[in-house]
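Along the sequence shown, residues are numbered consecutively beginning with 1.
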Amino acid sequence: MALTRISNFNFQTARELYQEVGSATDIYEHRNHIADILPNCSPRLLQAILNWDEPLRRAEAEMEFAQRHQIQVLTPLDEAYPARLQECVDAPLVLYYRGQADLNCRHVLAIVGTRHCTTYGQDLIRHLLRDLKTLCPDVLVVSGLAYGVDVQAHTQALANQMPTVGVLAHGLDQLYPSAHRSVAASMVEQGGLLTEFMSQTNADKLNFVKRNRIVAGMSDATLLVESARKGGGLITTGIACSYARDVFAFPGPVGATYSEGCNKLIRNRGAELITCAADLVEAMGWDDCRALESARNKGIERQLFPNLTDEEQRVVDFLQKRGDQPANTIAIQGNIPIHLTNTLLFQLEMKGVVKPLAGGLYHLLS
C-alpha cells in the first residue's frame with residue numbers, strides 16, 4: 001500500500017520493481033540501493049522511495065479502515081487477487097474489495113458503453129444477460145457502476161441472479177454516482193465493489209481512465225453495447241485489445257448517435273459483431289458450460305486410463321504435489337495463463353480426473 005503511494009501510481013514501474021526485488025518489504029529494506037537493482041528506475045522514484053514515513057502512516061490508517069468495514073486488501077500474492085489481471089503489465093499492486101463474488105470466476109465478461117443508454121441498449125443488455133444465464137450460468141459480469149450501460153449491466157445481472165462486480169474510480173468510503181447506492185448495496189451481497197484507490201480518494205476524471213484498465217484486465221472479454229463516436233467504453237475496448245483480450249460490440253442503426261462508436265469499431269475490425277448471447281457464447285467457446293452441465297446431469301464416469309495432453313499432465317502433476325488448489329493458484333504458480341488453466345481444468349473434469357469443490361478448489365481424483 002505504501003509502495004503504491006510512493007510510486008505515485010506509476011503502475012508499470014512499481015510492478016517491475018516489485019517483481020525484480022521480490023516484495024514490497026524487500027524494496028523498503030533495500031531502499032538505499034534501488035538504482036543497483038533497477039538501473040532504469042526514474043530519479044524521481046529513487047528519491048521518493050527513500051522516505052516511507054508518511055506512506056506507511058497512511059497505509060496503517062487504511063488497514064484500520066478496511067478492517068472496520070469488511071474490506072479485503074488484495075495483493076498479487078493473494079489467491080483472491082484477479083489472476084487475469086496479473087497478466088497485465090500495469091496491474092495494480094493493491095486492490096480493495098468488498099463483496100462475495102469470486103474474482104477468478106470461470107468466465108468473466110466486462111460490459112461497457114455510453115452513459116446515455118437508450119431503450120435499444122437497455123433491451124440488448126436485458127436480453128443478453130437473461131439468455132446468458134441460461135446458456136452459461138457461471139459468468140461474472142464486470143462494469144464501472146456509472147450511469148447508462150454500466151448500471152444497466154449490473155442491474156440486469158442482479159435480476160438474473162448473476163454475480164456482478166463494479167470497479168470504482170474512488171475509495172470505498174464513498175460512492176459515485178450516489179444515485180446508484182441501492183444497486184451497490186445489492187452488489188455487495190451478490191457480487192462486489194472493487195477499487196485500487198484508498199479511502200478519501202475522490203472520483204477525479206483521470207481515475208476513471210485508470211479504472212477502465214482494471215475492468216478490461218480482469219475480464220476474458222469486453223462487450224461494447226452502445227457508444228457515441230468518442231467515449232469511455234471505446235477507451236476500455238482499446239485497453240482490452242492491447243491486453244490481447246476478446247472484444248465484441250452490438251451493431252446499431254445507421255446514423256444513431258449512440259451506435260456510431262460500435263459500428264465504427266466493428267467496421268475497423270476492432271470488435272467482433274454479436275447480436276445475442278448465443279453469438280458471444282459460441283465465439284468465446286463457452287458452450288462448454290452446457291456440455292459440462294449435461295455431463296454432470298448424466299454422471300461423469302472417469303476413464304480408467306485417460307489420455308492426457310502435456311498441458312493437462314502439468315495440472316495433474318501440480319495437484320499431486322500441492323493438493324486441492326484454486327484455479328488462480330494453479331495458473332500463477334504453475335506458470336499457465338488463467339484462461340488456459342480454466343480450459344484445462346474443464347477438460348480434466350470431463351475426463352473424470354479432477355472435480356471442483358466448494359470455495360473454488362479443484363481436487364485430483366485418485
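- Without hydrogens or angle criteria, Asn160 side chain to Lys133 main chain gives no donor-acceptor distance under 3.5 Å.
- Within a 6.0 Å radius of CZ in Arg68, other residues, nucleotides and ligands contribute more than 12 heavy atoms.
- Side chain of Asp102 to main chain of Asn104: a donor-acceptor pair is present (N/O by atom type, distance under 3.5 Å, no hydrogens or angles).
- Between Arg84 and Ser219 the shortest side-chain heavy-atom distance does not fall below 4.5 Å.
- Between Asp123 and Arg126 a salt bridge is recorded (basic side-chain N to carboxylate O distance below 4.0 Å).
- A cation-pi contact, defined as under 6.0 Å to the ring centre and within 45° of the axis, is absent between Arg98 and Phe65.
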(request) Please step through side chain to side chain contact (heavy atoms under 4.5 Å, CB included) for the pair Val165 and Met187, ending with a clear verdict. (result) CA-CA 7 Å; Val165 167; Met187 291 170 64; 5.6 Å; no
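- By the 4.0 Å N-to-carboxylate-O rule, Glu349 lies close enough to Arg106 to be salt-bridged with it.
- In this structure, Ser143 contributes its side chain and Ile111 its backbone to a donor-acceptor pair below 3.5 Å.
- Inter-residue side-chain proximity for Asn202 and Asn207 is flagged as unmet; no heavy-atom pair is nearer than 4.5 Å.
- Remark: side-chain polar atoms of Gln190 are not paired, donor with acceptor, to backbone N or O of Val188 under 3.5 angstrom.
- Side chain of Gln174 to backbone of Leu172: no donor-acceptor contact under 3.5 angstrom is found.
- The ring pair (Phe, Tyr, Trp, His ring centres under 6.0 Å) check on Tyr28 picks up Trp52, with sequence neighbours excluded.
- One side chain, Asp279 or Thr275, offers a donor N or O that lies under 3.5 Å from an acceptor on the other.
- Counting only distance, with no hydrogens or angles, the side chain of Asp78 and the backbone of Thr75 share a donor-acceptor pair below 3.5 Å.
- Heavy-atom minimum distance, Tyr97 versus Leu193: CD1-O, 3.3 Å.
- Two residues are said to be in side-chain contact when any heavy atoms from C-beta on lie closer than 4.5 Å; Val112 and Val225 fail this criterion.
- Atom CZ of Arg31 sits about 9.5 Å away from atom NE2 of His33, to the nearest 0.5 Å.
- Side-chain contact check for Cys105 versus Val108: some heavy-atom pair is nearer than 4.5 Å.
- Thr341 OG1 to Phe318 CZ: the interatomic distance, rounded to the nearest 0.5 Å, is 9.5 Å.
- Side-chain atoms of Thr222 never come within 3.5 Å of backbone atoms of Ala216 as a donor-acceptor pair (strictly under, hydrogens ignored).
- No salt bridge links Asp220 with Arg245; every basic N to acidic carboxylate O contact stays at or beyond 4.0 Å.
- Between Tyr176 and His170, the gap from one ring centroid to the other reaches at least 6.0 Å.
- Tyr120 and Leu223 fall within the same hydrophobic cluster, where Ile, Leu, Val, Met, Phe, Trp and Tyr residues are linked whenever their side-chain heavy atoms come under 4.5 Å apart, directly or through other members.
- Atom CZ of Arg130 has more than 12 heavy atoms from other residues, nucleotides or ligands within 6.0 Å.
- Between the side chains of Glu62 and Ser199, at least one donor N or O sits under 3.5 Å from an acceptor N or O.
- For the pair Thr155 (side chain) and Gln152 (backbone), a donor-acceptor distance under 3.5 Å is absent.
- Atom-to-atom distance recorded for Cys241:SG and Asp246:CG is 10.0 Å, nearest 0.5 angstrom.
- Cluster membership for Leu145 and Val142, using ILVMFWY side-chain heavy atoms within less than 4.5 angstrom, is not shared.
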(request) Could you go through the side chain to side chain contact (heavy atoms under 4.5 Å, CB included) check for Lys210 and Leu206 one step at a time? (result) CA-CA 7 Å; Lys210 293 176 181 177; Leu206 184 60; 4.0 Å; yes
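- For Glu312 (side chain) and Thr309 (main-chain N/O), a donor-acceptor pair under 3.5 Å exists by modelled atom type.
- Within the 4.5 Å cutoff, side-chain heavy atoms of Met162 are placed close to those of Leu129.
- Looking at Ser259, its side chain never comes within 3.5 Å of a backbone N or O of Gly255 through a donor-acceptor pair.
- The local environment of CD in Gln320 is crowded, with over 12 non-hydrogen atoms from other residues, nucleotides or ligands closer than 6.0 Å.
- No salt bridge links Arg211 with Glu196; every basic N to acidic carboxylate O contact stays at or beyond 4.0 Å.
- Glu226 and Thr118 are linked by a side-chain donor-acceptor pair at a separation below 3.5 angstrom, with hydrogens and angles left out of the test.
- For the pair Cys136 and His107, the tightest heavy-atom approach, listed with the atom from each and the gap, is SG-CD2, 3.5 Å.
- Linking Ile, Leu, Val, Met, Phe, Trp and Tyr residues whenever their side-chain heavy atoms come within less than 4.5 Å places Met284 and Val141 in a single cluster.
- No side-chain heavy atom of Tyr362 sits less than 4.5 Å from a side-chain heavy atom of Gln325.
- Cluster partners of Leu361 are Leu357, counting Ile, Leu, Val, Met, Phe, Trp and Tyr whose side-chain heavy atoms approach within less than 4.5 Å, directly or via other members.
- Under 3.5 Å, the side chains of Ser23 and Asp26 contain a donor-acceptor pair of N or O atoms.
- Atom CG of Asn335 sits in a sparse spot, with 12 or fewer heavy atoms from other residues, nucleotides or ligands closer than 6.0 Å.
- There is no path of hydrophobic side-chain contacts, each under 4.5 Å, that joins Leu124 to Tyr258.
- Aromatic rings from His180 and Tyr147 are positioned such that their centres are separated by under 6.0 Å.
- Smallest separation of non-hydrogen atoms from Leu308 and Val353: CD2-CG2, 4.2 Å.
- The two residues Phe250 and Cys276 come nearest to each other via the heavy atoms CE2-N, 3.8 Å.
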(request) Report the C-alpha distance between Leu224 and Leu234 in whole Å, list the side-chain angles of each, state the deciding distance to 0.1 Å, and finish with yes or no for side chain to side chain contact (heavy atoms under 4.5 Å, CB included). (result) CA-CA 8 Å; Leu224 186 66; Leu234 288 170; 3.7 Å; yes
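- Shortest non-hydrogen contact noted between Ile330 and Leu345 is CD1-CD2, 4.1 Å.
- Within the 4.5 Å cutoff, side-chain heavy atoms of Leu344 are placed close to those of Gln347.
- Under the 4.5 Å side-chain contact rule for hydrophobic residues, Phe208 and Val149 do not share a cluster.
- Contact check for Arg15 versus Val89: no side-chain heavy atoms found under the 4.5 Å cut-off.
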